[in-house]
Amino acid sequence: MTLSSSIFAFVGFLQLRSAIAKIRQPAVFWAILQRYPGIVWVRNSKLALLVPATEAVLGTGLLLPFFWTRLPAGFGVALFLILASAAIYWRYHRGEKRFACGCSTDLAEELPASAMLLKNALLFLVTSYAM
């Protein structure tokens, strides 16, 4: 197994784990999602399920051992990380230092915004390297 394959498997697993947590606790995820900017397009909690569905598709694409699934999924994960980081930074810039991001298995766990941004930056870098 190459280093790129290992990175894709690791990031794919993280994406799937995050998606499953959101699907298992839709009310908690919906409450978290409403606190982020740009959520005007999400009018109800059913439409909010597009987020974990997207994560699940991207995670699955990274886990499959095919170049034609990994590369587009890698670009999708990179874009997803950029958008999530922008939303986290927006909240941080507005004065929130700790909040629930909805990005781990414990959706309600409050984390420092700086730690979330660092984690996303590292995931972005390793995903970009693997591509």
Side-chain angles (χ1 to χ4, degrees):
M1 181 179 267
T2 66
L3 180 58
S4 292
S5 296
S6 298
I7 290 170
F8 282 139
F10 174 72
V11 175
F13 170 75
L14 290 179
Q15 289 292 113
L16 281 176
R17 185 183 74 150
S18 178
I20 290 168
K22 290 172 183 138
I23 291 168
R24 284 185 176 171
Q25 302 171 32
V28 174
F29 176 62
W30 174 240
I32 291 168
L33 193 63
Q34 289 179 319
R35 296 184 197 115
Y36 278 93
I39 303 303
V40 294
W41 60 270
V42 180
R43 298 284 183 220
N44 63 48
S45 60
K46 298 289 184 207
L47 196 53
L49 290 176
L50 287 175
V51 174
T54 301
E55 283 183 308
V57 168
L58 293 173
T60 302
L62 290 178
L63 288 172
L64 292 174
F66 308 113
F67 174 79
W68 50 271
T69 63
R70 285 183 173 167
L71 190 61
F75 279 111
V77 167
L79 178 62
F80 188 85
L81 288 167
I82 289 169
L83 294 174
S85 296
I88 291 166
Y89 180 76
W90 183 84
R91 289 183 68 178
Y92 178 73
H93 184 68
R94 309 269 287 165
E96 294 182 71
K97 302 297 181 217
R98 292 180 65 88
F99 50 88
C101 69
C103 53
S104 65
T105 53
D106 181 5
L107 296 181
E109 178 184 17
E110 291 193 1
L111 302 168
S114 57
M116 289 183 265
L117 291 170
L118 179 61
K119 178 197 68 145
N120 284 358
L122 290 172
L123 286 173
F124 179 83
L125 286 174
V126 297
T127 301
S128 297
Y129 173 81
M131 290 190 296

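Computed over heavy atoms, backbone and side chain alike; hydrogens, waters and symmetry mates excluded.
The only option from Thr127, Leu123, Val126 that meets the side-chain contact (heavy atoms from CB on, under 4.5 Å) definition with Phe10 turns out to be Leu123. For the side-chain contact (heavy atoms from CB on, under 4.5 Å) test with Arg91, the passing option among Lys97, Met116, Glu96 is Glu96; the others fail. With Leu62 as reference, Val77 is the one residue of Thr69, Val77, Val57 to meet the side-chain contact (heavy atoms from CB on, under 4.5 Å) rule.
Expressed to the nearest 0.5 Å, how far CG of Leu83 lies from CZ of Phe80 amounts to 8.0 Å. Rounding to the nearest 0.5 Å places CG of Asn120 at 7.5 Å from SG of Cys101. A distance of 6.5 Å separates CD of Gln15 from CG of Leu81, quoted to the nearest 0.5 Å. Note that CG of Leu79 and CG of Leu58 are 9.0 Å apart. Values are rounded to the nearest 0.5 Å.
Ser18 contributes no side-chain N or O that, together with a main-chain N or O of Leu14, makes up a donor-acceptor pair within less than 3.5 Å. Between the side chain of Arg98 and the backbone N or O of Glu110 there is at least one donor-acceptor pair closer than 3.5 Å.
Every residue meeting the side chain to side chain contact (heavy atoms under 4.5 Å, CB included) condition with Leu117, not counting sequence neighbours, appears here in chain and number order: Ser85, Ile88, Tyr89. A search for side chain to side chain contact (heavy atoms under 4.5 Å, CB included) contacts involving Thr60 returns Leu16, Leu64, not counting sequence neighbours.
Considering every non-hydrogen atom in both Met131 and Gly74, the closest pair reads SD-C, 3.3 Å. Contact detail for Pro72 and Phe67: the closest heavy-atom pair is CD-O, 4.0 Å. Taking every heavy atom of both residues into account, Leu107 and Ile32 meet most closely at O-CD1, 3.0 Å. Heavy-atom minimum distance, Thr105 versus Gln25: O-NE2, 4.0 Å. Residues Pro52 and Ile23 share a closest heavy-atom pair of CB-CG1, 3.8 Å.
Annotation: cation-pi pair Arg35/Phe99 absent, no NZ/CZ under 6.0 Å from the ring centroid and within 45° of its normal.
Side-chain contact check for Ser4 versus Arg70: every heavy-atom pair is 4.5 Å or farther apart.
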